[in-house]
*Asks:* 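Next up is a structure, given as structure tokens.
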Amino acid sequence: MVKLLGMSREDVREAIKNGDVTIAVYGLGKMGLPLAAVFADNGAKVIGVDINERVVNSVNNGENHIKEEPGLDELVKKNVEAGRLKATTDGILAAKKADVMIILVPTLADDRGNLKLESVYDVAEKISKGLEKGDIVITEATMPPGTTESLIPILEKSGLKLGDFGLAHAPERTMTGTAIRDITGQYPKIVGASDERTLEAVIGIYETINRKGVIPMSSIKAAEAVKVFEGIYRDVNIALANELALWCEEHGLDAIEIFNAANTQPYCHLHMPGAGVGGHCIPIYPWFVINLAKKTNVRLIRTAREINDSMPRHVVELTVRALNDAGKPMKGSKILVLGLTFRGGVKEFTKSPAIDVIRELKEWGAEVYAYDPLCTREDAERFGAKWKEDFKDVDAIVIVTDHREFKTLDLKEIAAEVRTKVIVDGRNVIHPEEAKKLGFIYKGVGRV
Ligand SMILES: NC(=O)c1ccc[n+]([C@@H]2O[C@H](COP(=O)([O-])OP(=O)(O)OC[C@H]3O[C@@H](n4cnc5c(N)ncnc54)[C@H](O)[C@@H]3O)[C@@H](O)[C@H]2O)c1
Ligand SMILES: CC(=O)N[C@@H]1[C@@H](OP(=O)(O)OP(=O)(O)OC[C@H]2O[C@@H](n3ccc(=O)[nH]c3=O)[C@H](O)[C@@H]2O)O[C@H](CO)[C@@H](O)[C@@H]1O
């Protein structure tokens, strides 16, 4: 046990490497488990805390339950065997033992960004029962600016005042599939803290694991805004790509050809147009700012949300037009939706565009089937589609997720199997010319 408040960043780094520092990571999910394993691999004694007993037991058996994370299996196994990484459901005991407590539990939000912070407040309550003078509490979970400081009254139930303990926000700037790479040094760590001593210590904590170092922010709220603004930048730019793609369709131009050429300029970063924006990050973070804008007219951010949320309907319209060109009514047509998850390579359904696409296709009277390499028959049925692993008797293929597998479809084979040759490419993963040469009616977002 060592109290980091008041130590220099160099001494903090030394203490962690020597195994003198105990770090509790609350939330052993896609983000928390990689972080816990990386801190353990750098010398810290790490206590992972999770409410899910199966997660706790699997970690204590040296197993990794986050299958989408390359390298995590070995990191968990090695550090559990070395005795540096343990897991528990007892968040209070973990707080009593730890010098640093990191909150990395879900900050879920509804469609309008109204946060469900129960997990965060639950963890803060448990930490308050084990908080000691000199401890540091860090939130890494993404949250609206101002949320971390809203935990102060809960933490002060410990009898300590802010200042006796340190508080900081250090947003998790990574994504599933590249977490270990990102946590250890893809880009600098952002940190905002309650006072200079805490900032100094937290810089030392993250310099221990992140080769790219730390960017200290002027406040906790500024650090929270960094992560949220990153996401809003992405949502607004995806909306720009979508709006330009719709204009390209009107003018018979190929948006991808034009975007690729325009992006050769270093200041131009046109994103990919597509079937919509899903996940629990990008479509949610804008609402954190919209909901807090009491005087500011955040009309650009709102409009971007509306544009992106209109894209699933556009993909359905493309399908109506394509079947029309094939002389087929939507009603009674067999449509195979390729992709249920919100993006390629990750099994996550939060706000997946496929949900709206399937619903609307059914409203048009189509018989909707679905396939996704990461999903099961039950997932498809939960979406209201029938599971189908072949292309027999299909009248239209509608691609909604950019899974790697859909980038290498054997169109020649498919052309021989389908009943009607129609492809609607909602993620621009098919080459239009190749499809057309094989006799497909091809429609893509922003494609000719
Ligand atoms: N997944 C991503 O790509 C990503 C990227 C950046 C930031 N984030 C942020 O990271 C945070 C965590 O996201 P995630 O993807 O790791 O979530 P996740 O659902 O994969 O994991 C969350 C874990 O927390 C546990 N948990 C829930 N409530 C708890 C509680 N009260 N006490 C202890 N454990 C609890 C769950 O059992 C689960 O194991 C979120 O704020 C998210 O916005 C996620
Ligand atoms: C740390 C963290 O929170 N990381 C986030 C994570 O975000 P994420 O996991 O939610 O994935 P995204 O890639 O943002 O996709 C979201 C949706 O937007 C669609 N999309 C995407 C790009 C595009 O040009 N056109 C689109 O239409 C896509 O299909 C999907 O539905 O990684 C991003 C870096 O990849 C980060 O920036 C982002 O902060």
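Sequential numbering from 1 along the given sequence is applied to the chain's residues. Every heavy atom of this structure was used, including side-chain atoms; hydrogens, water molecules and symmetry mates were not. Both counts, for ligands and for their atoms, begin at 1 and track the order of listing.
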*Asks:* Would you check if the side chain of Y26 reaches a backbone N or O of G91 as a donor-acceptor pair within less than 3.5 Å?
*Replies:*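 Side chain of Y26 to backbone of G91: a pair is present.
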*Asks:* Look at atom 33 (C) of ligand 2 and find which of K30, R234, R343, E348 reaches it with the closest heavy atom.
*Replies:*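 Of the listed residues, R234 has the closest heavy atom.
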*Asks:* Can D73 and K67 be counted as an ion pair, charged N to O under 4.0 angstrom?
*Replies:*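 Yes, D73 and K67 are salt-bridged.
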*Asks:* Where does K227 meet ligand 2, judged by heavy-atom distances below 4.0 Å: at the side chain, the backbone, both, or neither?
*Replies:*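 The side chain, only.
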*Asks:* Would you tell me which option among T107, V105, L33, V120 has the nearest heavy-atom contact to atom 35 (C) of ligand 1?
*Replies:*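 Answer by nearest heavy atom: V105.
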*Asks:* Is there any N or O on R173 that sits under 3.5 Å from an N or O of ligand 2?
*Replies:*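 Between R173 and ligand 2 (N or O atoms, distance only) the closest approach is not under 3.5 Å.
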*Asks:* Please report whether ligand 2 has a polar contact with I282, defined as an N or O pair separated by less than 3.5 Å (distance criterion only).
*Replies:*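 Such a contact does not occur with ligand 2.
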*Asks:* Centroid separation under 6.0 Å, is that true for the rings of F383 and F349?
*Replies:*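 Centroid separation for F349 and F383: below 6.0 Å.
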*Asks:* Considering both backbone and side-chain atoms of E230, is one of its nitrogen or oxygen atoms within less than 3.5 Å of a nitrogen or oxygen in ligand 2?
*Replies:*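 Looking only at distances, the answer is no, because the N/O contact criterion of under 3.5 Å is not met.
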*Asks:* Looking at atom 9 (C) of ligand 1, what's its closest protein heavy atom, distance included?
*Replies:*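 Closest protein heavy atom to atom 9 (C) of ligand 1: T142 OG1, 3.8 Å.
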*Asks:* So is there a nitrogen or oxygen of H271 less than 3.5 Å from a nitrogen or oxygen in ligand 2?
*Replies:*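 By distance alone, the answer is no.
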*Asks:* If we only consider heavy atoms of K351, is any one of them less than 4.0 Å away from an atom in ligand 2?
*Replies:*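 No.
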*Asks:* Using the ring of each side chain (for Trp, its six-membered ring), is Y285 parallel, tilted or perpendicular to F288, with breaks at 30° and 60°?
*Replies:*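 Ring orientation, 0 to 90° scale: tilted.
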*Asks:* I'd like the name of whichever of I51, I66, L104 reaches closest to atom 29 (C) of ligand 1 through any heavy atom.
*Replies:*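 Answer by nearest heavy atom: I51.
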*Asks:* Check whether any side-chain N or O of T184 sits under 3.5 Å from a backbone N or O of I180 as a donor-acceptor pair, and report yes or no.
*Replies:*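 Indeed, once roles are kept as given, a pair shorter than 3.5 Å links the two residues.
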*Asks:* Between M272 and ligand 2, is there a nitrogen or oxygen pair with a distance under 3.5 Å?
*Replies:*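 Yes, since at least one N or O of M272 sits under 3.5 Å from an N or O of ligand 2.
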*Asks:* Please report whether ligand 2 has a polar contact with T174, defined as an N or O pair separated by less than 3.5 Å (distance criterion only).
*Replies:*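 Checking ligand 2 against T174, an N or O pair does fall under 3.5 Å apart.
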*Asks:* Any idea which atoms of ligand 2 are less than 4.0 Å away from a heavy-atom of Y285?
*Replies:*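 So the atoms of ligand 2 that pass are 3 (O).
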*Asks:* Can you list the atoms of ligand 2 that are under 4.0 Å from a heavy atom of G276?
*Replies:*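 Close to G276: 19 (C), 27 (O), 31 (O).
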*Asks:* How long is the straight-line distance from CG of D402 back to CG of D425, given to the nearest 0.5 Å?
*Replies:*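 The CG atom of D425 sits 10.0 Å away from the CG atom of D402.
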*Asks:* Closer than 4.0 Å to some heavy atom of V123 - which atoms of ligand 1 meet that?
*Replies:*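 Answer, ordered by atom number: 30 (C), 31 (N), 32 (N).
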*Asks:* For atom 6 (C) of ligand 2, which of the options E172, H280, M175 provides the nearest non-hydrogen atom?
*Replies:*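 Nearest heavy atom to atom 6 (C) of ligand 2 lies in M175.
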*Asks:* Starting from atom 5 (C) of ligand 1, which protein heavy atom do you reach first, and at what distance in Å?
*Replies:*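 Heavy-atom neighbour on the protein nearest atom 5 (C) of ligand 1: T174 O, 3.2 Å.
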*Asks:* Report the part of F259 in contact with ligand 2, treating N, CA, C, O as backbone and CB onward as side chain, heavy atoms under 4.0 Å; options are side chain, backbone, both, neither.
*Replies:*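 The answer is neither.
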*Asks:* Looking only at distances, please establish whether an N/O atom of ligand 1 is found under 3.5 Å from an N/O atom of N52.
*Replies:*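 No, there is no polar N/O contact under 3.5 Å.
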*Asks:* So for ligand 1, is T176 a polar contact partner (N or O within less than 3.5 Å, distance only)?
*Replies:*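 For ligand 1, there is an N or O atom that lies under 3.5 Å from one belonging to T176.
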*Asks:* Once you round to the nearest 0.5 Å, how far does CG of L104 lie from CD1 of I138?
*Replies:*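 Between atom CG of L104 and atom CD1 of I138 there are 11.0 Å.
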*Asks:* Going by an N to O cut-off under 4.0 Å, is there a salt bridge joining E140 and K189?
*Replies:*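 Counted as a salt bridge, because a side-chain N and a carboxylate O are separated by less than 4.0 Å.
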